[in-house]
Amino acid sequence: MDPAIRIEGLTKSYGDHRGIIDVDLAVEQGEIFGFLGPNGAGKTTTMRVLLDLIRPTSGRAEVFGMDTTRDAVAIHRRVGYLPGEFDLYDRLTGADTIAYFANLRGGVDRTYVADLVARLDLDPSRRFREYSKGNKQKVGLVVALQHKPDLLVLDEPTSGLDPLMQQTFFELIREARTDGRTVFLSSHIIDEVDRTCDRVAIIREGRLVQVDRIEAVRRLAFHHVELTFARPVAASVFEGMDGVSDVVASGVAVHLRVSGPVGAVLASATAHGLVDVVSREPNLEDVFLAQYGQHAAADGER
């Protein structure tokens, strides 16, 4: 069985500007695959090449064994796509927009469409220009999902959705996987792919830096933790603890970075008169700088 997506040596240059460089990737049928990277890393460029919205400078890509340049129409029949910015005809209502794309598909199951609209809590009677970013995103998700495509290509699909709707989205793509369909989604949020994906590719500055099971991404995650005490506590209390680094004591506060469980840190802090704790997840760029910064610096010196 052909992979849902196969990319070999794919490069896209925009003149003097970087796009993607020599990307090799395979996405198996029936999996949820996360394409993870900071904004500007090359995620959207890769997706647009897969759909023949732009042509590669070199290399090749296939979807279900079909060449993305030669067989674009056949590929589009089997794909549901949500672009990073879903912004269409201002005067059409949400229902009109959904129906327009359904008609382009030759018709869809209206019962399923009604179910999607209800689950996403979308008011389809409003004009597109009246929608918030989140509601436009809901319309885009219905359009991408309504024909039950074999492959979903979703660019930052939870952008603008509130936490409740994000949970609904996660349920919908898990259902797609249960049906044997494939999901290829991009994100810059580690927690998002952690909850949904089977495997993930990490892209940075146009190059793939890691392709692995989702468990490997979990090992990249860490937290910035600020502990506040009733009286000053020395940094040495936490230095040397498992997963703890970058400990800085300042007055009654201690700042540190924790990889993995924080239970041991909190237990020690409680014993020293802990008053308050603030934990912040890093953004993806923080993780990449921590994980790949030394490699990037070494590459720059060569």
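- Glu239 places none of its side-chain heavy atoms less than 4.5 Å from the side chain of Val244.
- Here the CD1-CG distance, from Ile75 to Leu151, works out to 9.5 Å after rounding to the nearest 0.5 Å.
- Taken to the nearest 0.5 Å, the CZ atom of Phe33 stands 8.5 Å off from the SG atom of Cys197.
- Among all heavy-atom pairs drawn from Asp121 and Lys138, the shortest one is O-NZ, 3.3 Å.
- Residue Ile21 is not grouped with residue Val211 when hydrophobic side chains (ILVMFWY) are merged at heavy-atom distances under 4.5 angstrom, including chains of intermediate members.
- Atoms CZ and CG, on Arg174 and Asp179 in that order, are 14.5 Å from each other to the nearest 0.5 Å.
- Each of Val258 and Val248 belongs to its own hydrophobic cluster when Ile, Leu, Val, Met, Phe, Trp and Tyr are linked at side-chain heavy-atom distances under 4.5 angstrom.
- The two residues Ala176 and Val183 make their nearest non-hydrogen contact at CB-CG2, 4.3 Å.
- Taken together through direct or relayed side-chain contacts under 4.5 Å among Ile, Leu, Val, Met, Phe, Trp and Tyr, Leu164 and Val142 form part of one hydrophobic cluster.
- Residues Ser268 and Val237 form a side-chain contact, since some pair of their non-hydrogen atoms from C-beta on lies under 4.5 Å apart.
- Expressed to the nearest 0.5 Å, how far OH of Tyr100 lies from OG1 of Thr93 amounts to 14.0 Å.
- The hydrophobic cluster containing Tyr14 also contains Val49, counting ILVMFWY residues as joined when their side-chain heavy atoms lie under 4.5 angstrom apart, directly or transitively.
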>> Between Leu152 and Phe184, is the side-chain contact (heavy atoms from CB on, under 4.5 Å) condition met? List the steps.
In response: CA-CA 6 Å; Leu152 283 161; Phe184 183 61; over 6 Å; no

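- Salt bridge annotation for Arg129-Asp90: absent, with no cationic side-chain nitrogen under 4.0 angstrom from a carboxylate oxygen.
- The shortest distance between side-chain heavy atoms of Val275 and Val252 does not fall below 4.5 Å.
- More than 12 heavy atoms of other shown residues, nucleotides or ligands fall within 6.0 angstrom of atom CZ in Arg126.
- Looking only at side-chain heavy atoms (C-beta outward), Leu122 and Val139 come within less than 4.5 Å of each other.
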>> Working note: Val265 + Leu227, criterion side-chain contact (heavy atoms from CB on, under 4.5 Å); need CA distance, chi angles, decisive distance, verdict.
In response: CA-CA 10 Å; Val265 171; Leu227 305 170; 4.1 Å; yes

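- Taking the six-membered ring where the residue is Trp, Phe128 and Phe86 present perpendicular rings, their angle passing 60° and hence far from 30°.
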> After noting the C-alpha distance and the side-chain angles of Leu10 and Lys12, does the key distance pass the side-chain contact (heavy atoms from CB on, under 4.5 Å) rule?
Replying inline: CA-CA 7 Å; Leu10 197 64; Lys12 174 62 181 177; over 6 Å; no

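- A distance-only check finds a donor-acceptor pair linking the side chain of Gln137 to the backbone of Glu156 [under 3.5 Å].
- Looking at heavy atoms from C-beta onward, Phe229 lies in side-chain contact with Leu274 at the 4.5 angstrom threshold.
- Looking only at distances, no side-chain donor or acceptor of His147 sits under 3.5 Å from a matching main-chain atom of Ala102.
- Annotation: side chain of Tyr131 is not in contact with side chain of Thr97 (no heavy-atom distance under 4.5 Å).
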> Should Lys133 and Glu85 be marked as a side-chain contact (heavy atoms from CB on, under 4.5 Å) after you check the CA-CA gap, both sets of side-chain angles, and the distance that decides it?
Replying inline: CA-CA 9 Å; Lys133 163 65 175 173; Glu85 292 293 332; 4.0 Å; yes

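- When the shell of 6.0 Å around CG of Asn103 is examined, it contains more than 12 heavy atoms from other residues, nucleotides or ligands.
- Side chain of Lys43 to backbone of Ile203: no donor-acceptor contact under 3.5 angstrom is found.
- The backbone N or O of Gly180 sits nowhere less than 3.5 Å from a side-chain atom of Gln29 that would complete a donor-acceptor pair.
- A heavy-atom distance below 4.5 Å is found between the side chains of Asp52 and Thr69.
- The main-chain N or O of Leu161 is never found under 3.5 Å from a side-chain atom of Thr158 such that the two would form a donor-acceptor pair.
- The two residues Gln146 and Tyr112 make their nearest non-hydrogen contact at O-CD2, 3.6 Å.
- Using modelled atom types, one side-chain atom of Thr11 and one backbone atom of Asp22 make a donor-acceptor pair closer than 3.5 Å.
- Closest non-hydrogen pair, Leu141 versus Leu120, comes out as CB-CD1, 4.2 Å.
- Among all heavy-atom pairs drawn from Thr182 and Val27, the shortest one is CG2-CG1, 3.9 Å.
- When the shell of 6.0 Å around CZ of Arg60 is examined, it contains more than 12 heavy atoms from other residues, nucleotides or ligands.
- Between Met66 and Ala74, the shortest heavy-atom contact is SD-CB, 3.7 Å.
- Here the CD atom belonging to Glu28 is positioned 8.0 Å from the CZ atom belonging to Arg6, to the nearest 0.5 angstrom.
- The distance from the CZ atom of Arg181 to the CG atom of Leu145 is 7.0 Å, given to the nearest 0.5 Å.
- Residues Val63 and Arg78 form no side-chain contact, since every pair of their non-hydrogen atoms from C-beta on lies 4.5 Å or further apart.
- At a threshold of 4.5 Å between side-chain heavy atoms, the hydrophobic network of Ile, Leu, Val, Met, Phe, Trp and Tyr places Tyr89 and Leu82 in one connected group.
- For the pair Thr57 (side chain) and Ser13 (backbone), a donor-acceptor distance under 3.5 Å is present.
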